[in-house]
Amino acid sequence: MGVFAGGLAAAGGLARVLDRNPACQSPLDLVVLSAASFKASRTLVRDEVTSFIREPFVKGRAHTGEDEEPVEGGMEQAIGELITCSRCAGTWTAGALAVTQILAPRFGRLLTWSLAAAGINDFLQTGFSALASRANELQGAP
């Protein structure tokens, strides 16, 4: 918690020094940030592509994020707890993305909107698959 709060405070101080105004964010920015942090945290915690990041901090072999348990003891356990919990990772990714939008607005916006689009795509793909599956079930029914 201290690192998180301290990091946000330091970013706020740097934003003031650089004369960046975080108040310029709109409600749309919050929606986009929410979708982006969802996608970023799910990717970190669940996707095989990021298993190499989780590997040192979980028992056994990191693979798809299912049933991965953090190692025990010290900083490795703390990091393991963070990167195996989508809510925990979501808080940190939201903070990092928000800071990026304030300190490096062009890059932050590009990153956040790209992640948000990928997150929305996940929902659309899941919804489409569910509808197609249900349509196939109905077609097969007598």
Side-chain angles (χ1 to χ4, degrees), residues 1-140:
M1 281 304 291
V3 171
F4 184 79
L8 287 180
L14 185 56
R16 181 171 294 230
V17 167
L18 296 174
D19 197 30
R20 302 282 162 69
N21 183 6
C24 67
Q25 301 296 311
S26 71
L28 177 60
D29 290 315
L30 176 62
V31 172
V32 172
L33 179 62
S34 299
S37 63
F38 163 79
K39 180 58 179 175
S41 66
R42 292 289 297 181
T43 299
L44 177 63
V45 172
R46 299 276 182 241
D47 284 0
E48 188 168 349
V49 72
T50 55
S51 63
F52 74 96
I53 296 170
R54 296 188 308 275
E55 187 85 33
F57 307 105
V58 298
K59 295 177 184 174
R61 185 172 178 270
H63 183 55
T64 62
E66 298 297 321
D67 300 322
E68 291 178 1
E69 294 290 324
V71 295
E72 294 180 12
M75 185 58 76
E76 288 83 9
Q77 181 177 356
I79 295 170
E81 295 283 348
L82 175 67
I83 62 174
T84 58
C85 167
S86 58
R87 285 184 173 175
C88 304
T91 300
W92 283 78
T93 58
L97 289 169
V99 165
T100 303
Q101 284 189 330
I102 301 302
L103 297 181
R106 288 184 179 168
F107 174 72
R109 204 167 191 80
L110 177 64
L111 178 61
T112 302
W113 279 79
S114 297
L115 286 167
I120 293 167
N121 178 61
D122 285 353
F123 278 102
L124 292 173
Q125 291 291 344
T126 300
F128 178 80
S129 293
L131 285 173
S133 177
R134 182 68 177 138
N136 288 338
E137 286 176 17
L138 292 174
Q139 280 184 336

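- Under the side chain to side chain donor-acceptor pair (under 3.5 Å) criterion, Thr50 pairs with Arg54, not counting sequence neighbours.
- Pairs passing the side chain to side chain donor-acceptor pair (under 3.5 Å) check and including a residue from residues 30-45, sequence neighbours excluded, read Lys39-Asp122.
- Residues passing the side chain to side chain contact (heavy atoms under 4.5 Å, CB included) test with Leu131: none are found, sequence neighbours excluded.
- Across all their heavy atoms, Ser51 and Ala62 have their closest contact at O-CB, 3.5 Å.
- The ring pair (Phe, Tyr, Trp, His ring centres under 6.0 Å) contacts involving residues 16-52 comprise Phe38-Phe123, where partners must be two or more places apart or lie in separate chains.
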Side-chain donor-acceptor pairs under 3.5 Å in residues 102-112, sequence neighbours left out?
{"residue": "Arg109", "atom": "NH1", "partner": "Asp29", "partner atom": "OD1", "Å": "3.3"}
{"residue": "Arg109", "atom": "NH2", "partner": "Asp29", "partner atom": "OD1", "Å": "3.4"}
{"residue": "Thr112", "atom": "OG1", "partner": "Gln101", "partner atom": "NE2", "Å": "3.4"}
{"residue": "Thr112", "atom": "OG1", "partner": "Gly108", "partner atom": "O", "Å": "2.7"}

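- Remark: Ala98 pairs with Leu33 by the side chain to side chain contact (heavy atoms under 4.5 Å, CB included) rule, at least two apart or across chains.
- Side-chain atoms of Ser133 do not come within 3.5 Å of backbone N or O of Ser129 as any donor-acceptor pair.
- Between the side chain of Asn121 and the main chain of Ala117, no donor-acceptor pair closer than 3.5 Å is present.
- Within the structure, the salt bridge (charged side-chain N to carboxylate O under 4.0 Å, His left out) test picks out no pair touching residues 3-26 (sequence neighbours left out).
- The ring pair (Phe, Tyr, Trp, His ring centres under 6.0 Å) analysis of residues 3-36, with sequence neighbours excluded, yields the pairs Phe4-Trp92.
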Under 3.5 Å, sequence neighbours excluded: what are the donor-acceptor pairs made by side chains of residues 70-88?
{"residue": "Glu72", "atom": "OE2", "partner": "Lys59", "partner atom": "NZ", "Å": "3.1"}
{"residue": "Gln77", "atom": "OE1", "partner": "Gly73", "partner atom": "N", "Å": "2.8"}
{"residue": "Thr84", "atom": "OG1", "partner": "Gly80", "partner atom": "O", "Å": "2.7"}

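- Phe57 is linked by a ring pair (Phe, Tyr, Trp, His ring centres under 6.0 Å) to nothing, counting only residues two or more places apart in sequence or in another chain.
- Of the inter-residue distances, the one linking Trp113 atom CH2 with Leu28 atom CG reads 4.5 Å to the nearest 0.5 angstrom.
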